Amino acid sequence: MVAVLTRIFGMHNLALAEDVVQDAFCRALEVWAFRGVPENPSAWLMTAAKHRALDVLRREKTARTCEPELSKWLQSEWTLASEVEEMFTHDAIKDDQLRMMFSCCHPQLAEEAQVMLMLHILCGFGIGEVASAFVTSYTAVEKRIPRAKKVLAGSKRLFDTRASSEFSARLPAVHRALYLLFNEGYHGASAESAVRAELCQEAMRLAALLLQHPLGATPASYALSALMCLDKARLPARLDAEGKLNPLSDQDRSLWDQALVGEGLQLLELSAKGPDLTEYHIEAAIAAVHATAPSIQQTDWEKIVPLYDTLMSIRPSPIVALNRAIAIGQREGPERGLEALRAITDSERLSNYPFYHAAFGESELQSDRPAKAREHFSVALRLSRNPMERQFFEQRLNVCR
Amino acid sequence: MSDFTFLYRGRDTNASPEQMQKTMERWRAWFKQLGENGHLKDIGHPLENTGKVVKGKQKFVTDGPFAETKDVVGGFTLIQARDLEHAVELSKGCPILEVGGSVEVRPIQALNM
């Protein structure tokens with residue numbers, strides 16, 4: 001909604017667009033309290049926002065300051081209503097979201113700030129959710145987002161998705177944002193649930209939007225979509241019947257969505273064009289090995305470890321190092337896994353990440369040192385960010401008895 | 001290029017909301033086309049059918065314009081065209097003609113005083 005409204009009011013009126021959305025939500029709360037929630041709440045909100053936008057345009061004449069081509073139609077009563085109507089149609093919203101995705105990736109903003117902005121404006125992430133997606137503090141994000149918005153508001157026009165060189169330059173940041181969005185859904189730190197499929201769905205939808213654009217359908221875009229499909233395919237087994245987190249080793253693989261696996265493998269094949277090798281290619285390749293393995297024991301760890309090595313050389317991060325260490329443990333036994341875990345540089349950045357401590361716990365457990373494993377799982381439990389994680393670590397703790 | 005005014009008469013104001021929307025879509029498409037070809041100087045506005053008429057030195061104010069609906073000016077646009085003939089040609093695409101209305105094409109007069 002903010003994306004559409006920003007196109008209407010102009011980028012420098014981002015705050016106004018957000019106000020209109022806020023207004024629509026407030027009206028919804030008032031009206032729905034009396035009449036109950038309508039059958040199609042999102043359509044209701046869209047209509048409310050649309051009416052509000054018309055009011056604002058008529059009263060404040062903000063249209064004058066946005067794109068001249070557009071403002072011409074917004075200034076006349078002949079076309080104002082139908083023009084706004086048009087902008088709220090399905091196709092136009094798709095375009096606006098793509099445009100907004102790229103607008104957020106403003107070159108004056110650090111990559112991280114771009115992504116934060118996208119998650120915040122386009123995906124409705126609260127400050128807390130953005131902070132957890134970035135493994136950073138609430139206050140840091142609270143400061144950065146308004147600053148980033150100011151930069152956006154300073155740019156007079158929205159990103160033109162037809163300009164090819166700018167498009168290509170900004171594409172990597174867009175990929176990164178979608179990747180983070182997907183991960184937030186998959187490994188989510190939300191208070192209510194460990195997995196939020198709707199966030200994954202959202203990321204996949206936006207990624208598919210990219211593939212529909214002639215300039216967006218690059219090998220990296222295909223690789224990213226492949227990665228999402230292959231990971232998403234495993235989601236049905238990630239939670240058990242009681243909604244508890246289920247580790248890869250215990251998952252019922254018959255629940256994996258084979259249609260999505262197929263789609264992912266196909267997309268991975270499409271990504272294998274040209275010389276570009278991105279982290280998405282590697283991660284999708286790793287996901288493909290998992291998705292096609294009949295069990296954890298029969299997984300081809302020989303393939304996976306070198307893929308993690310390559311990933312460390314393309315985009316090193318403590319989380320990648322952590323996963324690499326786990327893979328080494330699978331290939332060469334828990335003692336070697338522990339060595340690899342201890343060898344992680346920058347590990348202080350993982351000190352608040354519960355699964356870092358859980359990885360130590362699993363290795364100690366496999367090495368038959370339940371007391372040590374207990375210590376690690378206790379730390380993980382203390383750091384758990386939602387009830388699912390808590391239950392999961394409690395269950396692991398029980399195993400250590 | 002000279003400037004002309006299109007005065008629209010006979011807008012169907014009793015149409016159902018669906019019909020209205022369809023008609024407005026047609027207007028919009030027509031305006032877009034005029035705009036793309038560089039003929040739209042000022043798109044203007046539609047006008048309500050009611051209002052007041054102020055008349056004479058006494059400045060009599062009456063409700064109005066009580067004429068037959070089909071005679072009331074329902075909107076205006078400023079057009080750029082080569083000559084009157086060209087402007088008339090352009091006016092033939094106006095959706096109001098489909099619903100029995102009319103377009104009055106008037107050259108803008110240059111007042112040299």
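From a predicted model like this one, the values you see are computed outputs, not experimental measurements.
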Peer 1: Would the number of heavy atoms belonging to other residues, nucleotides or ligands and lying under 6.0 Å from CE of B:Met20 be above 12?
Peer 2: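 12 or below, so no.
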Peer 1: Mark yes when over 12 heavy atoms from residues, nucleotides or ligands other than A:Arg27 sit less than 6.0 Å from its CZ; otherwise mark no.
Peer 2: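 No - once you tally the heavy atoms of other residues, nucleotides and ligands closer than 6.0 Å, there are 12 at most.
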Peer 1: Distance-only criterion, 3.5 Å: which donor-acceptor pairs connect chain A and chain B?
Peer 2:
residue, atom, partner, partner atom, Å
A:Ser76, OG, B:Gly44, O, 2.5
A:Glu77, N, B:His45, ND1, 3.1
A:Trp78, NE1, B:Ile43, O, 3.3
A:Trp78, NE1, B:His45, O, 3.4
A:Trp78, NE1, B:Phe76, O, 3.3
A:Glu83, OE1, B:Arg28, NE, 2.8
A:Glu83, OE1, B:Arg28, NH2, 3.2
A:Glu83, OE1, B:Lys32, NZ, 3.3
A:Glu83, OE2, B:Lys32, NZ, 3.2

Peer 1: Quick one: list whatever passes salt bridge (Lys or Arg N to Asp or Glu O under 4.0 Å) with A:Arg205, sequence neighbours left out.
Peer 2: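 Once residues adjacent in sequence are excluded, the partners of A:Arg205 under the salt bridge (Lys or Arg N to Asp or Glu O under 4.0 Å) criterion are A:Glu202.
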Peer 1: For A:Glu39, I'd like to know if atom CD has over 12 heavy atoms of other residues, nucleotides or ligands within 6.0 Å.
Peer 2: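 Counting other residues, nucleotides and ligands, CD of A:Glu39 stays at 12 neighbours or fewer.
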